[in-house]
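Only one structure is covered here, and it is reproduced in the block below.
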Amino acid sequence: MSADPVAAETDAYDAAAVEEKWQRQWLDRGTYQVDNPADGEQETSQHAPYYVLCMYPYPSGPAHQGHVRNYTFGDLAVRFRTMQGKAVLSPIGFDSFGLPAENAAIKSGRHPREFTDERIAELKESLVRLGASYDWRREVRSHDPEYMKWSQAIFLRFLEAGLAYRANAPVNWCPGCQTVLANEQVLADGTCERSGDTVVKRDLEQWFFRITRYADELLEGLEELEWPERVKIMQRNWIGRSEGAEFTMEIEGRDDCALTVFTTRPDTSFGMTYAVIAPEHPLVDVLTTEGQRAVVDELLERVAAVSDIDRLSTEGELSKRGAFTGSYAINPFNGRPIPIYIADYVLMGYGTGAIMAVPAEDQRDYDFATVYDLPVIRTVQPPEGWEGEAYSGEGVKVNSGFLDGLEVGEAKAAAIDWLESQGIGQRKVNYRLRDWLVSRQRFWGCPIPVVYCDACGMVPVPEGDLPVVAPDDVEFRPTGESPLSYHDGFRNTTCPSCGMAAVRETDTMDTFVDSSWYFLRFCDPWSRDTPFSQEAAGYWMPVDQYIGGIEHAILHLMYARFFMKALSDVGLAPPSLREPFSRLFTQGMIRMGGSKMSKSKGNLVAPSRYYETVGADSLRLFHLFVGPPADDVDWDEKTDELIEGCHRYLGRVWRLGTGIATPTRPGPEVDQAATRPGPEVDQAADRSLLQKTHRTVAKVTDDLERWSYNTAVAALMELTNESYSSLRKGVSERALDEAIRTLLLLLAPMTPHLAAETWERRYPEAPPIHSQPWPVPDPTYLAVDSVIMVVQVNGKVRDRIDVAPDVGEDEAAERALALPRIAVALAGATPKKVISRPPKLVNIVV
RNA sequence: GCCCGGGUGGUGGAAUCGGUAGACACGGAGGCCUCAAAAGCCUUUGCUCUCACGGGCGUGCGGGUUCGAGUCCCGCCCCGGGCACCA
């Protein structure tokens with residue numbers, strides 16, 4: 001008697017029982033654990049290391065369908081690469097700091113750690129029940145003091161290296177709550193989601209990471225990465241490198257100040273008819289004349305309540321977005337005075353916070369000039385017939401003094417040369433990328449490990465005293481203010497340098513800091529005196545396949561790339577390790593009612609209801625089959641039907657694999673012996689089934705490599721259908737077995753439980769399916785002996801014929817012209833032209 | 001608004017390099033099996049004209065390039081993601 005509860009049960013496909021059995025087995029046997037090589041072992045290892053990583057999740061409770069989708073793809077990659085003979089590192093952890101837990105704490109008064117730990121437990125369970133294969137020994141949680149210690153140690157190394165610094169920056173301040181708000185907490189109309197007060201900007205001294213130091217390397221590094229092109233484009237645009245010039249203009253009637261502007265179009269300087277400075281510009285006060293004070297103050301007040309997104313918008317009434325300062329700058333190119341305006345769409349964070357405005361060659365400037373009735377002077381001759389307003393294209397310079405007659409490119413260089421010769425300006429490269437503001441005025445994050453001492457100033461916490469951990473006895477006030485800021489026990493400390501009373505930094509780090517190095521900790525989570533060992537990082541990194549949502553295309557992926565370079569430069573990571581993720585795949589999102597599925601929108605569909613009914617394998621198959629992995633999925637009332645369909649398909653595979661398939665031929669001879677075919681073996685049927693089998697291997701392997709999971713599943717369905725129809729055609733037992741065996745192997749990474757169970761029942765003596773090698777197609781079955789060629793007349797399909805795959809152009813055309821149906825379609829007309837593209841088509845043009 | 005994507009039958013989608021539009025499914029229709037049902041199996045299914053043979057139309061909209069466009073180019077419309085403190 002078998003001790004196997006599943007085998008003992010029944011012959012019907014019982015997903016829940018099968019899945020529980022195999023999940024336990026994978027965990028108990030540590031099937032997907034992989035060890036780091038011992039010293040000197042790397043050279044002899046016969047399995048090449050391969051690192052598959054899904055973006056670690058924020059634990060918001062049980063998995064949602066976005067997680068299911070992500071981890072299904074990741075698990076497929078892990079099992080597929082393992083079967084291909086790689087030593088696969090497949091770790092998982094939790095991005096466990098963040099705002100939602102803190103909000104929950106404020107609501108209920110419970111400590112965020114309690115919520116977080118509960119939610120991690122729920123999420124873990126749903127991942128296990130999905131059948132995802134991880135080396136759980138390597139699990140990391142960002143709120144674990146062991147992890148925090150290293151996040152803080154890294155912060156200090158950055159501080160030491162000049163990569164972390166303090167500066168003033170504005171935050172969203174809610175006057176009602178007396179607290180800082182996240183952008184998400186500010187409603188579209190600029191009010192606080194909690195109190196409804198109008199949110200204003202307020203300057204605070206905060207910590208930054210100097211990501212801009214790496215702007216060029218972040219840009220150039222993209223070239224070598226196998227990432228989706230659109231993600232690279234987004235990153236390039238985000239970095240926003242632009243070449244131009246910076247120069248200084250005198251202020252009319254003043255010698256105590258001057259205005260420095262950045263421009264990408266120094267060639268247009270003769271067309272400058274005004275200048276604009278940001279509302280935060282230090283000269284605003286200086287340049288504003290008494291007569292203009294009222295309008296300027298009114299503008300500044302309005303701007304304080306406007307988000308950057310709205311400020312950068314080209315919508316909105318320009319008449320309300322600018323104000324004249326009353327001062328004039330002198331255009332150094334022609335000595336003419338030009339008025340200086342303030343406008344909200346000029347940001348202090350970019351360039352010098354001041355621009356020269358050339359309405360003739362910039363549409364935004366043109367629109368502004370129209371509203372404020374400022375002159376427009378063309379400096380580039382637009383092409384013949386040009387009817388637009390601002391012209392920003394190529395052309396010959398006009399109205400531009402010594403630049404007249406030059407092309408735009410030449411004129412740029414000449415203008416910069418002139419500025420340099422006058423000693424008032426120079427060539428300058430600017431980036432849109434800004435330094436990374438890492439300070440958060442929150443409790444549930446990793447504390448920034450510094451103290452402030454009256455005598456010594458800012459002092460880093462010594463590494464031996466790390467981690468700095470937030471206290472447990474905290475009280476959450478309904479205002480949302482971080483309890484750290486009023487917890488005396490935490491706040492008050494002694495200076496590590498002089499021993500006098502000092503206060504701790506109460507800000508915590510952006511959670512993107514935690515997610516910028518977790519993939520390195522996974523390589524070596526046991527490391528006790530460094531965040532990770534150089535050897536382990538060198539062995540596994542960079543991540544061979546990173547998988548996550550497209551919504552992380554810019555921020556997370558940019559920050560992690562910055563971290564990799566910075567860690568390498570401060571000596572924590574191997575010097576040659578400059579990029580963390582070699583191959584990236586960005587999956588689409590799950591949408592419900594038109595927007596992304598997320599806890600905050602309340603539109604979650606828990607996977608557990610499927611685990612208990614159709615099983616995890618059916619849900620996984622659905623996610624693979626529903627569409628291209630990169631595309632968004634609309635989850636609606638029809639989705640359950642599709643999942644049902646996947647479950648029915650797996651039932652078909654089960655019956656085929658376990659030998660209880662009902663034959664497709666109806667009639668009284670129906671019996672369960674039908675998968676053991678009769679004696680009359682049809683050789684053509686054998687060949688046809690084996691061809692299908694081997695072509696499916698080739699197609700599925702290729703599809704898995706190129707992330708076309710939906711078509712891989714379709715190919716498996718075709719093989720399944722053909723196996724069933726072969727049952728009626730007298731196929732040999734050997735051929736049928738080869739088809740079924742192959743089908744199970746190809747399904748193993750997709751629906752691992754079903755594949756494992758069916759395999760074990762079919763081949764009880766064999767090693768488990770997931771330790772089998774990935775099948776390789778036999779080329780003799782891949783050869784094609786004839787293909788269908790289309791014959792068109794004037795581009796319309798009129799007939800189809802069988803041709804040899806290597807048929808020549810002339811022969812194809814001849815055969816096409818000889819077809820009776822073509823003669824009819826031609827109706828006596830003489831072909832003007834025959835386009836012959838064998839073996840695809842012949843097109844006859846009359 | 002800016003940057004990046006997307007739009008193909010009743011539905012999800014396929015078409016990998018400019019060459020058969022609709023693979024594979026879901027749903028529908030008809031049938032087999034059954035006392036009946038469920039399950040399973042078989043056939044059929046883009047729209048439209050035609051008894052039929054066969055024809056016409058068809059990949060968001062409008063233009064263009066080409067023998068040929070879902071695919072390339074120009075201009076729109078609609079939907080989604082990101083926009084630096086959601087993660």
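Reminder, nothing fancy here: chain letters follow the sequence lines and each chain counts from 1.
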Which is true for [X] with a 4.0 Å heavy-atom rule: it touches a base, it touches only sugar-phosphate, or it touches nothing?
X	answer
A:Q441	base
A:I835	base
A:I554	sugar-phosphate
A:V186	nothing
A:W238	base
A:I309	base
A:S439	base
A:F625	base
A:L555	base
A:H552	base
A:I844	nothing
A:Q235	nothing
A:Q792	base

For the side chain of [X], counting heavy atoms from C-beta on, which of [options] is nearest?
X	options	value
A:D632	B:rA87, B:rG80, B:rC85	B:rG80
A:N721	B:rG81, B:rC24, B:rA84	B:rC24
A:D95	B:rG19, B:rA87, B:rA84	B:rA87
A:K833	B:rU20, B:rC67, B:rC85	B:rC67
A:A182	B:rA25, B:rC83, B:rC85	B:rC85
A:R432	B:rG54, B:rA84, B:rG19	B:rA84
A:R652	B:rC41, B:rC85, B:rC83	B:rC41
A:R706	B:rG55, B:rA87, B:rU16	B:rU16
A:E551	B:rG82, B:rC24, B:rC85	B:rG82
A:I550	B:rA87, B:rC85, B:rG81	B:rG81

Discussion item. Can you classify the ring geometry of A:F209 versus A:F562 as parallel (below 30°), tilted (30 to 60°) or perpendicular (above 60°)?
Written reply: tilted
Worksheet item: Which word best sums up how the rings of A:W444 and A:H143 line up, parallel for under 30°, tilted for 30 to 60°, or perpendicular for over 60°?
Response: tilted
Item to complete: Assess the side chains of A:E505 and A:W207: does a donor N or O sit below 3.5 Å from an acceptor N or O?
Response: yes
Item to complete: Using distance alone, with no hydrogens and no angle criterion, decide if A:R837 and A:N843 have a side-chain donor and acceptor under 3.5 Å apart.
Response: no
Worksheet item: Using the purine O4'-C1'-N9-C4 or pyrimidine O4'-C1'-N1-C2 torsion, is B:rC17 syn (within 90° of 0) or anti?
Response: syn
Practice prompt. Based on the glycosidic angle (syn within 90° of 0, else anti), state the conformation of B:rG46.
Written response: anti
Does [X] make a side-chain N or O approach to OP1 or OP2 of [N] shorter than 4.0 Å?
X	N	result
A:R798	B:rG55	yes
A:T511	B:rA87	yes
A:R655	B:rC41	yes
A:N710	B:rA14	yes
A:R591	B:rG80	no
A:R648	B:rG27	yes

Could a donor-acceptor pair under 3.5 angstrom be found where the side chain of [X] meets the base of [N]?
X	N	result
A:R230	B:rG5	no
A:K699	B:rU16	yes
A:N843	B:rC67	yes

Discussion item. Check this for me: A:K232, atom NZ, are more than 12 non-hydrogen atoms of other residues, nucleotides or ligands nearer than 6.0 Å?
Written reply: yes
Worksheet item: Between A:W635 (CH2) and B:rC26 (C1'), how many Å, whole number?
Response: 14 Å
Fill in: B:rG58 pairs with, by Watson-Crick or G-U criteria that keep both distances under 3.5 Å
none
Worksheet item: Minimum heavy-atom separation for A:L347 to A:A278, with atom names?
Response: C-CB, 3.9 Å
Worksheet item: What closest approach, in Å, do A:S515 and A:H556 show between heavy atoms, and which atom pair accounts for it?
Response: O-CE1, 3.1 Å
Discussion item. I want to confirm an ordering. Mapping A:P57 and A:P628 to their closest nucleotides on RNA chain B, which one lands closer to the 5' end?
Written reply: A:P628
Worksheet item: Taking for each residue the nucleotide of RNA chain B bearing the nearest heavy atom, is the 5' side occupied by A:D703 or by A:K796?
Response: A:D703
Worksheet item: Is the A:Y709 to A:W707 ring centre distance short of 6.0 Å?
Response: yes
Discussion item. If I pick the P atom on B:rG22 and the same atom on B:rG55, what distance separates them, to the nearest angstrom?
Written reply: 16 Å
